2 protein chains.
Amino acid sequence: DDAAETATGDDVLAEFRAQARDLHERLVHEHGVFVAEFLGATGSGKTTLVERLIERAPADERIGVIVGDVAGDDDASRYRDHGVAVTNVTTGKECHLDPGLIEDALADFDLHALDTLYVENVGNMVCPADFPLGAQLRVLVVSTTEGDDVVRKHPLLFQACDAAVVNKADLADAVGADIDRMAADVADVAPGLDLFRTSARDGDGVEPLASFLDGVRADGH
Amino acid sequence: DDAAETATGDDVLAEFRAQARDLHERLVHEHGVFVAEFLGATGSGKTTLVERLIERAPADERIGVIVGDVAGDDDASRYRDHGVAVTNVTTGKECHLDPGLIEDALADFDLHALDTLYVENVGNMVCPADFPLGAQLRVLVVSTTEGDDVVRKHPLLFQACDAAVVNKADLADAVGADIDRMAADVADVAPGLDLFRTSARDGDGVEPLASFLDGVRADGH
Ligand SMILES: Nc1nc2c(ncn2[C@@H]2O[C@H](COP(=O)(O)OP(=O)(O)OP(=O)(O)O)[C@@H](O)[C@H]2O)c(=O)[nH]1
Ligand SMILES: Nc1nc2c(ncn2[C@@H]2O[C@H](COP(=O)(O)OP(=O)(O)OP(=O)(O)O)[C@@H](O)[C@H]2O)c(=O)[nH]1
Ligand SMILES: [Mg+2]
Ligand SMILES: [Mg+2]
Ligand SMILES: [Zn+2]
Ligand SMILES: [Zn+2]
């Protein structure tokens, strides 16, 4: 993203980082909301994965979703079908969400009546790295169908996240992807990063990720 | 891309457009090189598709490739295995190529000894729209595995391109994607845009795209 290159860009980024810290303080610490961001390549399976998490949540868990897309409300309407509170953020020419957009979207939610907030970023493997959104963790979702070189090609984004998912494990053979190689690359570019393998469409492998998220939720920060 | 929003950004964009026109003039009109850009989502199959085009080229066609990636040289080494001249452009924090990067990369090529130049952009569905690179045409490659909503979600990029490919047709069923719906969306967001359906891994559907490109090559501008 060009903003990262200019002096103006640096100021803007510092301002965004401060705004993200404020969001985190307000959402997580003041209101006790569990906030998780999902980001990753276009079509990697972010929405499908979050749908699976929503489906397995306790019936009394009050869930909200802020979903960013360049255009349209396809993802928002998928989430709405699950009966959760959804705000759609259409970014237009922007290739990522920023904390200002999250701040604006929060006006739609009653934070006292929210247990969980999922934030789905715009599909993009580069620019979101520089724009934390105040979540407790950033979950990077890539998939086998992007090719098993996708980790090596995007080290900075893996380093900017707190957990990673290799989704569409069921399609690894169909594209000739070696998931073990992807895991080795993750260990290489982001040592210690928690990594999950899922087939979100049929729900395979979602449970270990859900347990991991529950642990972060229990930690409360 | 944030650059598009600011006044500075507008200047920069105008400068880049002028530079792209100069590149086009020099490459296409002065040197008679056929220049085609391939862009699209991360892992949509850009490299695989261009590999198929290289394989079917006449033995005496002198081919060059400029390939952009955030990190590493995976794609460059794949192209090199085909015996073509390759320059790898590592963009680091940038999410797209720009005409300045192409200009620099051209120093590696003897333009008098080049018939075809393929340019593969960084995998990204947003930012490349604003940065033409001087090619005769921009070919947008998406794939079924991104979901059949990928066209509706990215109208601006389709409008900025001269042809589109829905790749991984062989995996449409595996992800529940309706290719006809994608084609209808293309007709809707970018009426008249030439659209091709391919399974680049096994080469299915590449021939009609290749014929189309040969037509543009014959046109010479
Ligand atoms: N076979 C298979 N298909 C999957 C899997 N996960 C997602 N899909 C399919 O992949 C396509 C994209 O999934 P989405 O969940 O919309 O992906 P996304 O990351 O939210 O996409 P964007 O928001 O547009 O970037 C859809 O057709 C899904 O049905 C999986 O694990 N296996
Ligand atoms: N089944 C199937 N797999 C494909 C097809 N096209 C590409 N692939 C696979 O998809 C993965 C990504 O393909 P690439 O050609 O590297 O995609 P790309 O668009 O160049 O990727 P980036 O340059 O990283 O953005 C690889 O594992 C390919 O083998 C296809 O038509 N069908
Ligand atoms: Mg989505
Ligand atoms: Mg490639
Ligand atoms: Zn905290
Ligand atoms: Zn011309």
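Reminder, nothing fancy here: chain letters follow the sequence lines and each chain counts from 1. The structure presented is a predicted model; accordingly, all values stated were derived computationally and were not measured.
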Checklist entry - With a 4.5 Å limit on heavy-atom distance, are the side chains of B:L156 and A:K93 in contact? => result yes
I'd like to verify something: which residue of [options] has the highest number of heavy-atom pairs under 4.5 Å with chain B?
options                        : value
A:G45, A:G176, A:G92, A:P155   : A:G176
A:V122, A:T145, A:L171, A:N124 : A:T145
A:D75, A:D170, A:T91           : A:D75
A:E146, A:K153, A:K168         : A:K153

Next on the checklist: Within a 6.0 Å radius of atom CD on B:E61, are there more than 12 heavy atoms belonging to other residues, nucleotides or ligands?
Outcome noted: yes
Checklist entry - Does CG belonging to B:D173 count more than 12 external heavy atoms closer than 6.0 Å? => result no
Checklist entry - chain A: which of B:D73, B:D149, B:V175 shares the most heavy-atom pairs with it under 4.5 Å? => result B:V175
Checklist entry - Looking at SG of B:C95 and NE2 of A:H96, how far apart are the two atoms once the value is rounded to the nearest 0.5 Å? => result 8.0 Å
Checklist entry - For A:V150, is it the side chain, the backbone, both, or neither that has a heavy atom closer than 4.5 Å to a heavy atom of chain B? => result side chain
Checklist entry - Tell me, side chain or backbone of B:V142 under 4.5 Å from chain A's heavy atoms, or both, or neither? => result neither
Next on the checklist: Less than 4.0 angstrom from a charged side-chain N to a carboxylate O is my criterion; do B:D74 and A:R152 meet it?
Outcome noted: yes
Checklist outcome for this item: Correct closest heavy-atom pair for B:H154 and A:V70 would be CD2-CG2, 3.9 Å
